[in-house]
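As the structure is a computational prediction, the values presented were derived from the model and not from experiment. The basis for the numbers below is simple: all heavy atoms, side chains too, and nothing from hydrogens, waters or symmetry mates. Labels below follow one simple rule: chain letters A, B, ... track the order of the sequence lines, proteins then strands, and each chain is numbered from 1.
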Protein chains: 2
Amino acid sequence: MAGATAPLLGLEKKSLREQALSALRTAITSGELAPGRHLVETELSEMLQISRGTLREALRQLEQEGLLSAGPRGRLSVRHLDAKEIRDIFSVRAALESLAARTLCELPDREYAIRSLRTAIDAMEAATHGTLEERIETDMDFHRTMCRLTGNETLLHSWESLEGSIRMSIMFAGLDKGVRNMGVDRHHDIVAAIETGDASLARTTIRDHMDQAADNLVA
Amino acid sequence: MAGATAPLLGLEKKSLREQALSALRTAITSGELAPGRHLVETELSEMLQISRGTLREALRQLEQEGLLSAGPRGRLSVRHLDAKEIRDIFSVRAALESLAARTLCELPDREYAIRSLRTAIDAMEAATHGTLEERIETDMDFHRTMCRLTGNETLLHSWESLEGSIRMSIMFAGLDKGVRNMGVDRHHDIVAAIETGDASLARTTIRDHMDQAADNLVA
DNA sequence: CTGTGGCGTATGCTCAACAGTTAACACCGC
DNA sequence: GCGGTGTTAACTGTTGAGCATACGCCACAG
């Protein structure tokens, strides 16, 4: 593996900016900051106990992730997703993950990848009766792992840029739609397709999975 | 500075941050700021005549676009792309544009889209004997237009996030590889496939186009 | 009912400063 | 000369105060 960054002591000291970023992301994707809500810099900086300057850097990042939308005079508000936007997000997601699956299918040795993905599925199954949050987390882990295993940093980065929007989509519509089945079977199908190296099958499986997921959310 | 704030028709006044963003993007993709070069905030802020705070906001955005890479202590440097990374970037690009083409293929009325794309190709042909910069510009316009025409904002946003990396790839390897043919014919093929609604053909055409483009760059 | 001027608010941007961390370099004893 | 050591300079991370501007709101006059 290309362990460029030394793990050192396992504890990476995060800058205040990164902490604020995480906190805001969580607040948004958890619904604490409801869609449409206006964000006031001074309020947030006081709330997070950081300066306005540092906060603004974090806000720029969230804006580019698509979690915030900019109003007329730079006024930020939590992005509101409608049904079409959710479908659009999942379309892009499907395209990225299809590329991931295809890339994995073309690997000469897929053993390690298969094992990693099955481990991720095991975590999903273990969380089947857990909280909604846990199920979302393990589900996202599976898909992020798939992208990471390709070794394509750009692909992983693109997917991670979309992750916030995906979580917002689930949060936005997933709650009143009741408990959703995260489709462990589907994930097994995807891994199976990768195992046999059938890129085409993997692609259609992922696309079906995404279409169905989007349908569940906006139905 | 400005005496009367006359609202210039059609021209949106860009914030200093956005101006700095554009300036830096151009400086990087033009090679003025060479790959690997360390960026010093105080230098840049003085160069661009903006404060450090405002500059840092722009830098965060460039970092997320993948044009800058962060060193150990937050030290930023212009990202250096190797052959594999260029191929990876073009793989993701192909995946996104394939989705765009497929989406356009599924439109009930593709007339407007076809016309827009042909106009973009015309611009490319008009720039055939122009500067390298002009040819790159018109080429990017075509592909950006294709993404925009889908009406999928997320897709467009993802593509635009990749645009800087694409330009860097071309700049990085395109110059010493000599004048490249931007492949007007290929673009005609793509539009033709969209016109007939053949999503599969459009997909393979785009992928071939991208593979070939990447090969040209890293060969 | 209308418009108009003031006031509060929030963003865009700047400046000055300090802490903490590295890298560079000069220095010193051996 | 050489290894260890101190000192310093360079940068980033972060803060706080502060100013200009633009927008919305509201009272008040017409």
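- Nucleotide dG16(D) holds its P atom 15 Å from the CD atom of Glu41(A), rounded to whole Å.
- Listed pair Thr42(A) / dT9(C) fails the phosphate criterion, with no side-chain N or O lying under 4.0 Å from OP1 or OP2.
- Rounding to whole angstrom units, CD of residue Gln49(B) and P of dT14(C) are separated by 9 Å.
- Residue Leu39(B) is in sugar-phosphate contact alone, with no base atom involved, counting any heavy-atom pair closer than 4.0 Å across all strands shown.
- Classification of the His143(B)-His209(B) ring pair by plane angle, with boundaries at 30° and 60°, yields parallel.
- The interatomic distance linking Glu63(A) (CD) with dT11(C) (C1') rounds to 13 Å, in whole Å.
- Among the nucleotides dG18(D), dT14(C), dT14(D), the one closest to the side chain of Ser51(A) is dT14(D).
- Remark: C1' of dC13(C) and CG of Leu21(B) are 16 Å apart, rounded to the nearest angstrom.
- Residue Arg73(A) places no side-chain N or O under 4.0 Å from the OP1 or OP2 atom of dG12(C).
- With rounding to whole Å, Leu16(A) atom CG is found 5 Å from dT15(D) atom P.
- When heavy atoms are screened at a 4.0 angstrom cut-off, Gly74(A) is found touching the sugar-phosphate backbone but no base atom.
- For the residue pair Ser116(A) and Thr119(A), no side-chain donor N or O sits within less than 3.5 Å of a side-chain acceptor on the partner.
- Atom-to-atom, CG of Leu59(B) to P of dC11(D) comes out at 15 Å; the value is rounded to the nearest Å.
- Heavy-atom nearest nucleotides on DNA chain D were determined for Arg17(A) and for Arg52(A), and the one closer to the 5' end corresponds to Arg17(A).
- Looking at heavy atoms from C-beta onward, Glu57(A) lies out of side-chain contact with Leu59(B) at the 4.5 angstrom threshold.
- Which of dG13(D), dT14(C), dC11(D) sits closest to the side chain of Val40(B) comes down to dC11(D).
- Side-chain proximity of Arg56(A) to the nucleotides dA10(C), dG12(C), dG13(D) is greatest for dG12(C).
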Audit row: Ser45(B), Thr42(B), side-chain hydrogen bond (donor to acceptor under 3.5 Å, both in side chains) steps and yes/no: CA-CA 5 Å; Ser45(B) 69; Thr42(B) 51; 5.9 Å; no
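- Between the side chains of Glu18(B) and Ser15(B), at least one donor-acceptor pair of N or O atoms lies under 3.5 Å.
- Residue-to-nucleotide contacts include no donor-acceptor pair under 3.5 Å from the side chain of Arg75(A) to the base of dG24(D).
- Rounded to whole angstrom, the span from the CG atom of Leu55(A) across to the P atom of dG13(D) amounts to 16 Å.
- Per the geometry, CZ belonging to Arg60(A) stands 9 Å off P belonging to dC13(C), to the nearest Å.
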